[in-house]
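To start, the structure itself, in structure tokens.
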Number of protein chains: 2
Amino acid sequence: MNVEQILKTEKPIALESRSLIHLILVYNKVNEQYASALKEYEISLQQFNVLRILRGQKGKAANLQTLNERMVSKQSNTTRLVDKLLVKGLVNREVCPSNRRKIEITITKEGKELLLELDRIINNTEKDLLADFSKDDLVHLNNLLDKF
Amino acid sequence: MNVEQILKTEKPIALESRSLIHLILVYNKVNEQYASALKEYEISLQQFNVLRILRGQKGKAANLQTLNERMVSKQSNTTRLVDKLLVKGLVNREVCPSNRRKIEITITKEGKELLLELDRIINNTEKDLLADFSKDDLVHLNNLLDKF
DNA sequence: ATACAACAATTGTATATACAAATGTAATAC
DNA sequence: GTATTACATTTGTATATACAATTGTTGTAT
């Protein structure tokens, strides 16, 4: 991925700006590939995320706060994400009996089955995105990203 | 930035997934900081981008295609971005006389003046975001991001 | 000259995101 | 017990993004 080429600019960009632009460009690519991989299942990356978190609960119900805390993008409106998953029959939502302010969200059998397929899809997408990276590269990348 | 801590998860994530999640988390942070820096000027990062591209034209007018090609996020609806800048008096838009399908967009004096202020703001934001990076780190980061 | 394809920008629409306000429930103070 | 505050979620609304359809203009073939 060549930054100057993508931006069709000939003049060099300062290292600092270039790094951040680079990051945004890479993010856009990553996001597009995830989205297009999930598209045929009519599910967004955030919805997939919710399902994966729910599976991680091992049957234990999660409330909205828990989901929100574990989401990659915290500012997603989790209520509406759950709404959509509910319509598709991928999750259950019930009022928590011991505290009626809370809700208990669990993944359904259908949700789990779909996840198995999506896992495969997402795995391929990630392999694809990271095709040019060695293990060492990835460790290195993680270390650098930690500096943010 | 610690990925596991942000996602409130105790179990380790596979290196590949972790790298991509890490990237998304960093992007979110970068984006939020840009947005909040520009907020008091009621301008979005994409709008700022358009202004900066126009200044780079050195007086020469740009049409929509040119802008679009040079945008960091190509999928922005440039027509509407320009609409908004127009309302604010930061750009001019005229039909191209030699080819009435095209439009000619230029930055106004007000636009240039605002940009000078924004440059300072953005510069500070970028310094802030990259505070923990050495030059070497940045070069390294750019090299790794190139692998995408 | 007319028809047709290609081009450049705009518009429409569905979905997503950001953020504030509102709703309903529970806990606490008095 | 009533008022007040805090809590958990939902709703409202403005803005942004994704993508397809439409409009108006130009170029080309016949």
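Below, chain A is the first sequence line, B the second, and so on; all start at residue 1. Nothing here was measured: the structure is a model prediction, and the numbers come from that model.
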> Starting at the 5' end of DNA chain C, which residue's closest nucleotide do you reach first, A:Leu81 or A:Arg100?
Replying inline: A:Leu81

> To the side chain of A:Lys102, which of D:dA8, D:dC19, C:dT17 is closest?
Replying inline: D:dA8

> Would you say A:Glu104 and A:Arg93 make side-chain contact, with heavy atoms under 4.5 Å?
Replying inline: no

>> Under 4.0 Å, counting only non-hydrogen atoms across every strand here, what does A:Lys84 touch: a base, just sugar-phosphate, or nothing?
In response: sugar-phosphate

> Atom CG of B:Asn31 and atom P of C:dA16: how far apart are they, to the nearest Å?
Replying inline: 18 Å

>> Can you work out whether B:Ser76 or A:Glu104 has the more 5'-proximal nearest nucleotide on DNA chain D?
In response: A:Glu104

>> Mind checking if A:Ser73 touches a base, just sugar-phosphate, or nothing, with heavy atoms under 4.0 Å?
In response: nothing

>> I need the CG-C1' distance between B:Leu45 and D:dT17, as an integer number of Å.
In response: 14 Å

> Which value, rounded to the nearest 0.5 Å, describes the distance between B:Ile121 atom CD1 and B:Ile43 atom CD1?
Replying inline: 11.5 Å

>> I want to verify a distance call: between D:dT10, C:dA9, C:dC19, whose nearest atom is closest to the B:Lys39 side chain?
In response: C:dC19

> Expressed in angstrom and rounded to an integer, what is the separation of A:Lys74 atom NZ from D:dA8 atom P?
Replying inline: 16 Å

>> Using the ring centroid of each side chain, check whether B:Phe48 and B:Tyr34 are separated by less than 6.0 Å.
In response: no

>> Determine whether B:Glu69 and B:Lys74 satisfy the following criterion, salt bridge (Lys or Arg N to Asp or Glu O under 4.0 Å), listing intermediate values before the conclusion.
In response: CA-CA 7 Å; B:Glu69 279 173 353; B:Lys74 313 287 187 198; over 6 Å; no

>> The side chain of A:Ser44 is closest to which nucleotide in this list: C:dA16, C:dT25, C:dT17?
In response: C:dA16

>> Rounded to whole Å, please give me the gap between CD in A:Glu32 and P in C:dA16.
In response: 16 Å

> So, is B:Arg93 near the phosphate of C:dA8, with a side-chain N or O under 4.0 Å from OP1 or OP2?
Replying inline: no

> Of the nucleotides D:dT9, C:dT17, D:dC19, which one has an atom closest to the side chain of A:Gln65?
Replying inline: D:dT9

> Does the side chain of B:Arg101 get closer than 4.0 angstrom to OP1 or OP2 of C:dA8 through an N or O atom?
Replying inline: no

> CZ of B:Arg80 versus C1' of D:dT17: gap in Å, rounded?
Replying inline: 10 Å

> Atom CD of B:Glu69 and atom P of C:dA9: how far apart are they, to the nearest Å?
Replying inline: 10 Å

>> Can you tell me how far apart CG (A:Asn77) and CG (A:Asp83) are? Round to the nearest 0.5 Å.
In response: 8.5 Å

>> Both B:Cys96 and B:Ile43 contact DNA chain D. Taking the nearest nucleotide for each, which residue is further toward the 5' end?
In response: B:Ile43

>> Could you tell me how far apart B:Asn68 (CG) and D:dC19 (C1') are, to the nearest whole angstrom?
In response: 13 Å

>> Rounded to whole Å, please give me the gap between CG in A:Asn77 and P in D:dA8.
In response: 17 Å

> Is B:Thr78 touching bases, backbone alone, or none of the nucleic acid, heavy atoms closer than 4.0 Å?
Replying inline: nothing

